[in-house]
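Contents: one structure, followed by commentary.
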Amino acid sequence: MTGAPDGYLAYALRRLKRHRTLVEDALAQVSDADFFSTLDPESNSIAIVVKHLAGNMRSRFTDFLVSDGEKPDRARDGEFVTAGESRGDVMRLWESAWAAALPALEALTAEDLDRTVTIRGQPHRVYGAVNRHLMHFAYHAGQIVFLAKHFAGPAWKTLSVPRGGSEDFDAAMKRRAEERR
């Protein structure tokens, strides 16, 4: 990525890990039953969204720089079905996907950003493929957090700035910035 800001890869990795934390903190607040519940017959459960993210990550980042990001063994449609899986089964897929994604992303160098990878036969620069993944992951992370908050109800513990807490949060952020100067 010609002229890419220094630290792009570190930034992208931090954002992805932050979204992972949001998802996992949300998942910790839902029961096993709610993990598999849907809001209506056309909605996805948290389990399905987690399976989809896991399938996507495993496919995209296994042999990231050398093979198409849509692996022939990926059964994408199967990611949208739960058929007797336990929460543990789904979470093992999640962990396995992270075990593929993190090393692939951590191994990238600034020189790799301008390389071309393919996803479904379509060429993408590495930085574009990473951005695409960040956006896709954030989209689904938001769905998971929304569903988890819905199912947790009044027991929900916020994962961001609590209502009525913006001024305190902003003041704390300003203090941290001043301490770094």
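From a predicted model like this one, the values you see are computed outputs, not experimental measurements.
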Could you check whether any side-chain heavy atom of [X] comes within less than 4.5 Å of a side-chain heavy atom of [Y], counting everything from C-beta outward?
| X | Y | answer |
| --- | --- | --- |
| L16 | W98 | yes |
| V50 | L93 | no |
| D89 | S86 | yes |

Between [X] and [Y] (side chain of the first, backbone of the second, donor and acceptor by atom type, cut-off under 3.5 Å), is there such a pair?
| X | Y | value |
| --- | --- | --- |
| T38 | S45 | no |
| H19 | R15 | yes |
| T62 | R58 | yes |
| K51 | V90 | no |
| D40 | S43 | yes |

With sequence neighbours excluded, residues passing side-chain hydrogen bond (donor to acceptor under 3.5 Å, both in side chains) with [X]:
| X | result |
| --- | --- |
| H150 | none |
| S37 | none |
| H124 | R132 |

Hydrophobic side-chain clustering at under 4.5 Å (ILVMFWY, transitive links): who's grouped with F80? Put none if nobody.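 Members other than F80 - counting any ILVMFWY side chain reachable under 4.5 Å - are I48.
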Side-chain cluster (under 4.5 Å, hydrophobic types only) that Y139 belongs to, other residues: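 Members alongside Y139: none; it stands by itself.
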Quick one: list whatever passes side-chain contact (heavy atoms from CB on, under 4.5 Å) with D25, sequence neighbours left out.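 side-chain contact (heavy atoms from CB on, under 4.5 Å) check on D25 returns T21, L159.
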F61/F64 aromatic ring centres below 6.0 Å: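 Yes; F64 has its ring centre under 6.0 Å from that of F61.
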Might you confirm whether atom NZ of K157 has over 12 heavy atoms from other residues, nucleotides or ligands at distances under 6.0 Å?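 Check fails, neighbour count at 12 or below.
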Around E167, counting heavy atoms of other residues, nucleotides and ligands shown, do more than 12 lie under 6.0 Å from its CD?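 No, the 6.0 Å shell around CD holds no more than 12 heavy atoms from other groups.
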Looking at [Y] and [X], is there a salt bridge between them, counting it only when a charged N and a carboxylate O are closer than 4.0 Å?
| X | Y | answer |
| --- | --- | --- |
| R76 | E70 | no |
| D114 | R125 | yes |
| E85 | R92 | no |

Are F35 and V49 connected, step by step, through hydrophobic side chains (Ile, Leu, Val, Met, Phe, Trp, Tyr) whose heavy atoms are closer than 4.5 Å?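 The answer is yes; both residues are in one hydrophobic cluster.
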